[in-house]
Amino acid sequence: MGRNEIRLRRNTMSSGRIARHRNYSELMRQHDRESKLKRIFRVFIYFLIVLFFLIILLMVIRWEGKRNEKVSEIAIEQNNLSNTTKHNPIVKYL
Amino acid sequence: MLSDDEIREEYRILEQARKDPKIFGSLYEKYFDPIFNFIYRQTDDEDLAADICSQTFLNALTHINRFEFRGVPVSAWLYRIAANEVNKHYRKQNATRIFSIEETRVKELVELGQENWDEELVKKLLGYLKDLPTEMLEVLELRFFENKDFKEIAYILSITESGAKMRTYRALDRLRKKFNLSIKYDGKK
């Protein structure tokens, strides 16, 4: 067995026979369908990208909110502590 | 062979087809038959050739923006897509590659030396072609059955022009030595 199979044909394919397979309107239909699918896919990808950034943005906002809460809690605690030391005469002279 | 003006005209049609795909129809009508025959020669299956041919034109239409003018006719671009589609088919199927050639074309190609054109000689020739590497067969097919020049062959097969020439000459030299045949080629015998 060789690398390729060579077949010898007696006749060439007639142009009338080839014409049976020629269908430009079908090709246009297929092209339109593919273009539509491509457009939908592209929109979907854009949507995913936007969604991804939105999720990141939300996470950052939440994380920042939590951090601010903690900072304010610490500030309140420190404030409370300094108030106690200011009015406590024992702590004052220590 | 197309003149430079004809090639530029085809390119202009393609440029217009980028905006309006319906204009591509004239190129479709012009090149459907040769592309179909090219694929049929490499598959020997009418329905399969029709499928690959329609996929070829669909790919061309989808990627019409990627075509760059390189001084070759639009047909070379279509042949290139078709060749890639055929390769893809064989890769997927993992099947032996088929080359179906017309007897009349072979007879036209080969002039007899001292031997007569008989069944034995045909068998020998087919046996020889069978053992040629696929790349050489592709070049021979494009050169002698599709009448493409080396610039187009190089573009279609994504090789250099000198590479295309070398593959052809090597195959022909082997043929000359093995069969004592004269090939109608470049005035060389």
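Chain letters run A, B, ... following the sequence lines, proteins first and then strands; every chain starts at 1.
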### Task
Tell me, out of A/Lys38, A/His21, A/Glu26, who's got the most heavy-atom pairs with chain B below 4.5 Å.
A/His21

### Check against side-chain contact (heavy atoms from CB on, under 4.5 Å), A/Ile6 and B/Leu137
CA-CA 10 Å; A/Ile6 309 289; B/Leu137 273 174; 3.9 Å; yes

### Task
With side-chain contact (heavy atoms from CB on, under 4.5 Å) as the test, would you mind laying out the steps for B/Arg80 and B/Tyr155 before giving the verdict?
CA-CA 7 Å; B/Arg80 185 179 179 155; B/Tyr155 179 82; 3.3 Å; yes

#### Entry: Side chains of B/Leu61 and A/Met28 in contact at under 4.5 Å (non-hydrogen atoms)
yes

#### Entry: Side-chain touch B/Arg167/B/Ile153, heavy atoms, less than 4.5 angstrom
no

### Task
Measure distances from A/Gln30 to the heavy atoms of chain B and classify the residue's part below 4.5 Å as side chain, backbone, both or neither.
both

#### Entry: Interchain contact, A/Arg20 with chain B, by part (heavy-atom threshold 4.5 Å)
side chain

### Task
May I ask you to decide if the ring planes of B/Phe57 and B/Tyr28 are parallel, tilted or perpendicular, using 30° and 60° as cut-offs?
perpendicular

### Message
Counting heavy-atom pairs closer than 4.5 Å to chain A, which one of B/Gly127, B/Cys53, B/Pro133 comes out on top?
### Response
B/Pro133

### Message
Counting only non-hydrogen atoms closer than 4.5 Å, does B/Phe36 touch chain A with its backbone (N, CA, C, O), its side chain (CB onward), both, or neither?
### Response
side chain

### Task
Measure A/Asp32 against the heavy atoms of chain B and call it side chain, backbone, both or neither at under 4.5 Å.
neither

### Message
If we define contacts as heavy-atom pairs under 4.5 Å, which of B/Arg97, B/Arg41, B/Glu29, B/Glu46 has the most with chain A?
### Response
B/Glu46

### Message
Ring of B/Tyr128, cation from B/Arg174 - is the NZ or CZ under 6.0 Å from the centre and inside 45° of the axis?
### Response
no

